Amino acid sequence: MGTSANLSQIIRFYADKQKSPFIDFGEFCAYIKKYAEHHVEEQAELVKYLGDPQPTVSAELEALSQKKIAALVNQDKKKVIISIAYFSIQYTNRFKEILENESVPYPVVTDLPAKFPMDFLERKNASQYITEILEKQDVKSQKLYVIVFNHDCPFMLLPACIPVRVLMETAKRKIRRILSKDEYHDYYLKKLRSSNPGKELIIQHFFQNFVEDKYQSDNVEDTISSDDYYYWSQLCYFIRQDFEKIQDKTMEDNNILQAIEITEIHNVFLKQKMQNTQKKAEALKELTFNMTRPPYIFTIDQMLKLKDKNGRTLYGRFDEEDFKEFLMKETGVAEEGKLPNLLVFKVESGTKYYIYKNKILPLCVRLANEANNAISATLENRWYDKLYNYESLPEMKNAREFEDCVAEEIRKQAPVLWALLNANFMSLLSYEKNQYENLDGGRIFDGNQILPFSEILMLNQGDILAQAKMRLPFWYTIPVISWICAMFAGKRKQSKTIKSEKNVETSSKDYDEIVGSDVAEGIETGKKSKGKKKAKKDVLAEMAEDLSKDFLTEGTTLDRELDFLCKQWNKMISPQAHLQLTEDVNSLIRDYMRKVINTLTASTFTADRVRSLAKSLVKTPNMQKIKEEEALTQYVELYILKLVSNR
């Protein structure tokens with residue numbers, strides 16, 4: 001042993017030196033004092049053992065006793081230190097012997113010396129402990145456990161430093177030893193065959209491979225995806241059933257029962273591991289599927305709230321580590337020259353969204369269609385106001401200015417579309433679109449370049465200007481009259497400007513007099529209104545406004561999203577039939593909400609409550625006739641929020 005100041009290591013070294021786990025306390029204190037004097041220059045921490053080491057050693061032994069590493073007891077009127085680590089090493093060597101000779105018995109409690117205090121050993125249930133070390137094991141621990149089996153088996157002594165692989169291998173070798181005997185080999189093979197009719201060749205192959213030790217692996221999870229655990233379970237059950245019937249069990253019989261229980265625990269662990277792995281894989285697969293459906297873009301929080309087809313949240317069937325691994329895999333480095341499957345982008349507000357690359361172009365087209373009406377109406381109204389006042393804007397005639405104006409409106413009204421069109425990955429996506437059939441960039445790209453924003457939104461400068469002019473009075477189209485009106489309008493504008501400047505000057509003089517009375521009135525009004533509570537209707541309306549943020553993508557509006565979803569579930573071709581069906585659905589929602597609105601309170605009106613109401617309504621017979629259930633459910637959710645918010 002190298003020089004050490006660790007008391008447990010010094011005790012173990014001293015026990016090995018005298019070849020006994022029972023150490024006289026006085027002799028050990030004398031030894032550790034000499035040890036400290038000799039090695040204090042190498043280990044400064046040994047200075048605490050100089051002088052009288054007994055108080056220090058006693059205090060440290062109490063701590064080691066709590067950790068079940070060493071113990072200080074009174075035997076024959078003298079203090080004795082018991083090195084549990086000594087026994088741990090001794091029984092570790094026993095397991096090594098079993099690997100060389102399967103007939104060597106497992107260490108059991110009766111192997112301990114009679115004067116050994118059993119209270120200092122920690123008892124562990126076999127199923128609980130083996131499952132724990134299969135998940136995670138500390139092979140550097142010096143502890144010694146008493147393993148308690150569920151069946152009528154002797155308690156096993158198991159050092160914590162024994163790797164779980166070694167424990168499993170010893171159990172398999174003991175089972176393999178009896179199956180190699182002629183009287184057991186044919187008997188259990190026949191039992192397995194009769195229990196699995198039609199699988200005789202598979203059973204023969206499994207049984208032969210096990211007996212001949214062809215299942216050699218350092219990884220206990222190698223068979224987790226195979227059917228071997230099922231045959232293992234059957235074989236262990238048959239062996240245990242027969243050996244439990246023996247009245248006077250020998251040491252070998254008890255060893256077989258111990259080995260069988262260890263193997264059965266391992267089989268159960270593998271089965272549960274396989275089932276959990278399948279559940280995680282299915283949940284992550286469904287998560288991927290949900291992310292390829294509208295609205296296509298999701299934040300981390302939104303992904304964790306996604307549900308399966310039965311309405312159960314997917315997060316829970318996989319944990320945080322699985323989710324992080326999933327994101328790293330999907331957003332990680334792809335093949336050279338290609339984008340990852342899952343891409344990330346940020347909008348101006350700082351919100352980070354995830355989207356699958358094959359859904360970027362469909363989403364851009366959808367957002368462009370939605371933004372078309374809003375931006376077209378904004379520009380038309382702005383230009384109409386200017387034309388009505390005989391004014392003009394550069395973007396009315398200049399194509400470059402018009403393009404900049406459209407870009408600014410996209411940035412304001414469609415932040416997600418703006419972020420996507422300006423994302424770094426769009427240039428690479430333009431190259432990939434030619435390689436994949438599901439990437440159609442006809443509306444977004446011209447060759448490998450992004451189309452101008454006005455073309456993506458299908459906005460025509462001349463059409464918008466013509467629409468604005470059509471709203472003007474007829475005399476605006478007559479050159480002479482419009483020129484005269486414009487001249488007078490300019491003079492009126494100048495006079496209004498002068499008049500407004502005078503008003504501002506007058507108001508600034510009277511400000512000090514007016515503001516005092518206004519503040520006094522405001523304070524008085526505030527005192528009166530402070531005592532008034534908001535009506536329930538107003539409270540629910542404010543809550544609906546806040547909840548709508550959870551249901552809407554950033555940058556979109558409630559009406560815009562309702563219009564999009566309506567087109568998803570309402571497949572009527574005739575405009576009249578389309579309008580009639582939409583009105584019928586809206587009427588059903590309104591009638592339903594009239595009955596429910598009285599039951600809503602500020603505490604119960606939550607996002608989950610809105611989803612529950614929508615789900616209940618969609619399940620009614622009248623709504624069941626509409627096939628697009630998912631789009632209809634989302635539509636009902638948003639329409640409920642619209643009704644409650646009094647829009």
Side-chain angles (χ1 to χ4, degrees), residues 1-95 107-125 128-129 132-133 136-148 155-163:
M1 181 190 77
T3 305
S4 174
N6 187 297
L7 184 62
S8 64
Q9 292 184 7
I10 297 172
I11 291 173
R12 191 180 71 178
F13 172 74
Y14 189 78
D16 290 339
K17 184 179 179 182
Q18 69 171 14
K19 297 182 180 180
S20 173
F22 302 100
I23 305 169
D24 183 88
F25 180 72
E27 292 178 3
F28 179 76
C29 288
Y31 167 79
I32 201 170
K33 182 179 179 180
K34 291 181 180 179
Y35 179 85
E37 290 172 350
H38 188 265
H39 296 287
V40 70
E41 293 182 359
E42 301 174 34
Q43 289 286 340
E45 294 179 11
L46 291 172
V47 70
K48 59 188 176 182
Y49 299 123
L50 298 175
D52 184 10
Q54 289 194 9
T56 305
V57 173
S58 296
E60 292 190 20
L61 276 172
E62 186 177 351
L64 292 176
S65 178
Q66 293 177 355
K67 295 179 181 179
K68 310 291 185 183
I69 297 175
L72 180 61
V73 297
N74 292 316
Q75 288 183 358
D76 300 329
K77 297 181 180 181
K78 65 178 182 179
K79 290 184 178 181
V80 176
I81 301 172
I82 300 176
S83 174
I84 296 176
Y86 180 88
F87 288 102
S88 182
I89 295 172
Q90 181 181 348
Y91 296 129
T92 298
N93 293 330
R94 176 81 66 87
F95 277 88
V108 292
V109 173
T110 54
D111 293 342
L112 291 169
K115 58 183 179 178
F116 185 90
M118 292 299 298
D119 295 339
F120 287 100
L121 293 183
E122 186 177 351
R123 294 193 173 200
K124 291 276 190 178
N125 178 271
Q128 177 187 352
Y129 178 68
E132 287 176 1
I133 62 175
K136 186 179 180 181
Q137 185 179 18
D138 180 15
V139 293
K140 295 182 179 180
S141 175
Q142 301 178 27
K143 291 184 177 181
L144 181 65
Y145 294 115
V146 176
I147 304 301
V148 181
F155 296 168
M156 180 190 290
L157 292 174
L158 182 63
C161 61
I162 293 291

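Every heavy atom of this structure was used, including side-chain atoms; hydrogens, water molecules and symmetry mates were not. Predicted model only: the values in this text are computed from it and were never measured.
- Taking 4.5 Å as the limit, every side-chain heavy atom of L121 sits out of range of all side-chain heavy atoms of V109.
- Between S141 and C161, the shortest heavy-atom distance links the atoms O-CB, 3.6 Å.
- Residue Q90 holds its CD atom at 9.5 Å from CG of L157, rounded to the nearest 0.5 Å.
- For the atom pair NZ of K33 and OG1 of T56, the computed distance is 12.0 Å after rounding to the nearest 0.5 Å.
- The shortest distance between side-chain heavy atoms of F28 and P53 does not fall below 4.5 Å.
- Residues K48 and E60 meet the side-chain proximity criterion, which asks for heavy atoms closer than 4.5 Å.
- Classification of the Y35-H39 ring pair by plane angle, with boundaries at 30° and 60°, yields tilted.
- Applying the side chain to side chain contact (heavy atoms under 4.5 Å, CB included) test between L72 and each of V57, I82, L61 identifies L61 as the sole match.
- Expressed to the nearest 0.5 Å, how far CE of M118 lies from CG of L112 amounts to 5.5 Å.
- Taking 4.5 Å as the limit, every side-chain heavy atom of I11 sits out of range of all side-chain heavy atoms of I69.
- Taking 4.5 Å as the limit, every side-chain heavy atom of V80 sits out of range of all side-chain heavy atoms of I23.
- Taking CZ of F87 as the start and CG of L144 as the end, the distance is 8.5 Å to the nearest 0.5 Å.
- Separating the OG atom in S58 from the CD1 atom in I81 is a distance of 8.0 Å, to the nearest 0.5 Å.
- Closest non-hydrogen pair, K67 versus K143, comes out as O-CE, 3.0 Å.
- Environment of CD in Q18: crowded, with over 12 heavy atoms of neighbouring residues, nucleotides or ligands closer than 6.0 Å.
- Here the shortest heavy-atom pairing between R12 and S83 reads CA-OG, 4.0 Å.
- The distance from the CG atom of D16 to the NZ atom of K19 is 10.0 Å, given to the nearest 0.5 Å.
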Pair K124-L158, side chain to side chain contact (heavy atoms under 4.5 Å, CB included): steps then yes or no | CA-CA 10 Å; K124 291 276 190 178; L158 182 63; over 6 Å; no
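- In this structure a side-chain-to-backbone donor-acceptor pair under 3.5 Å is present from D111 to V108.
- Between A160 and Q137, the shortest heavy-atom contact is O-NE2, 3.4 Å.
- The shortest distance between side-chain heavy atoms of F22 and P113 falls below 4.5 Å.
- Ring orientation note: the planes of Y145 and Y129 are tilted relative to one another, at an angle of 30° to 60°.
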Would K79 and N74 satisfy side chain to side chain contact (heavy atoms under 4.5 Å, CB included), going step by step from the backbone distance to the final call?
-> CA-CA 5 Å; K79 290 184 178 181; N74 292 316; 3.4 Å; yes
Would you sort out whether L64 and I84 count as a side chain to side chain contact (heavy atoms under 4.5 Å, CB included), showing the intermediate values?
-> CA-CA 10 Å; L64 292 176; I84 296 176; over 6 Å; no
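- Ring geometry for Y14 against Y31 counts as tilted: the plane angle lies between 30° and 60°, on a 0 to 90° scale.
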